A.B. asks: 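Here it is, the structure in full.
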Amino acid sequence: MPVSSLHPLLAQRTSPRSFVSDDVLRPDVEHRLLEALRWSPSAANTQPWRVLVAHRGTPEHADLVAALTPGNAGWAPDAAALVLLAARTTADDGTELPWAVYDTGQAAAHLTVQACAEGLAVHQMGGFDADHVRVAFGLPEGVRPMVVLAVGRRDHPARLPAHLADRETAPRTRLDLADLLIRPVARVDRAA
Ligand SMILES: Cc1cc2nc3c(=O)[nH]c(=O)nc-3n(C[C@H](O)[C@H](O)[C@H](O)COP(=O)(O)O)c2cc1C
């Protein structure tokens, strides 16, 4: 089934590298992105995600850019904002929150879908130095930096260097659904 048969918010979501480099993230839009994160489901409603929004041009943005891998640092700084998501993996009493990483990923997905509804693009990045981020923002033990999101308005791929423009315009691929199924879906025939 082609991706175009899905809801447009899902069908049109991609992870671009070309962002409008003089765009800003408006406060009302930013607020809705953070509310989407806040209203995400979590195990026992523990809400273990923690977030930092760094607008282009701020010291926080410079700190996040410094933590990116060279490949990501080549394009991600153009986005209007970089958003750090961290997972609080231990509770106040020191017990482990076993779903914290799962919950934080799901919160990232909620933020991403809201961003798409706002006409923005999100590119998630695991390619960053977590220790750099931990020190730069004074993250305590038990709060694990998970991902940095580039958030902004998509620009034309032609403004990227050739090797990145090629990746931007390459056909998107996925495993076949059959490869994802632990077992074929079974049905009970209710016709009789
Ligand atoms: C947890 C996570 C980490 C990722 N890390 C990077 C990264 O460091 N650099 C990058 O260019 N893309 C990164 N991506 C983007 C994926 O490569 C991308 O989602 C995937 O190729 C599918 O493409 P699509 O999002 O356009 O459908 C990451 C995505 C996720 C969810």
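Residue numbers run from 1 in the order of the sequence given. Indexing begins at 1, ligand by ligand and atom by atom, following the structure's order. Predicted model only: the values in this text are computed from it and were never measured.
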A.B. asks: Between atom CD of Glu118 and atom CG of Asp28, what is the distance when rounded to the nearest 0.5 Å?
C.D. replies: 7.5 Å
A.B. asks: So, for Ala81 and Leu25, which heavy atoms are closest and what is the spacing to 0.1 Å?
C.D. replies: CB-CD2, 3.9 Å
A.B. asks: Tell me whether the rings of Trp75 and His123 are parallel (<30°), tilted (30 to 60°) or perpendicular (>60°).
C.D. replies: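 The arrangement is tilted - the two ring planes meet at 30° to 60°.
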A.B. asks: Near ligand 1, which residues have a heavy atom under 4.0 Å away from one of its atoms?
C.D. replies: Arg13, Thr14, Ser15, Arg17, Asn72, Trp75, His123, Gln124, Met125, Gly126, Gly127, Arg172, Arg174
A.B. asks: Do Glu35 and Arg38 meet the salt-bridge criterion of a basic N to acidic O distance under 4.0 Å?
C.D. replies: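 The answer is yes: the pair qualifies as a salt bridge.
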A.B. asks: Look at Asp78 together with Arg159 and state whether they make a salt bridge at an N to O cut-off of under 4.0 Å.
C.D. replies: yes
A.B. asks: If you compare all heavy atoms of Arg56 against all heavy atoms of Asp23, which two are closest, and at what distance to 0.1 Å?
C.D. replies: NH2-O, 2.8 Å
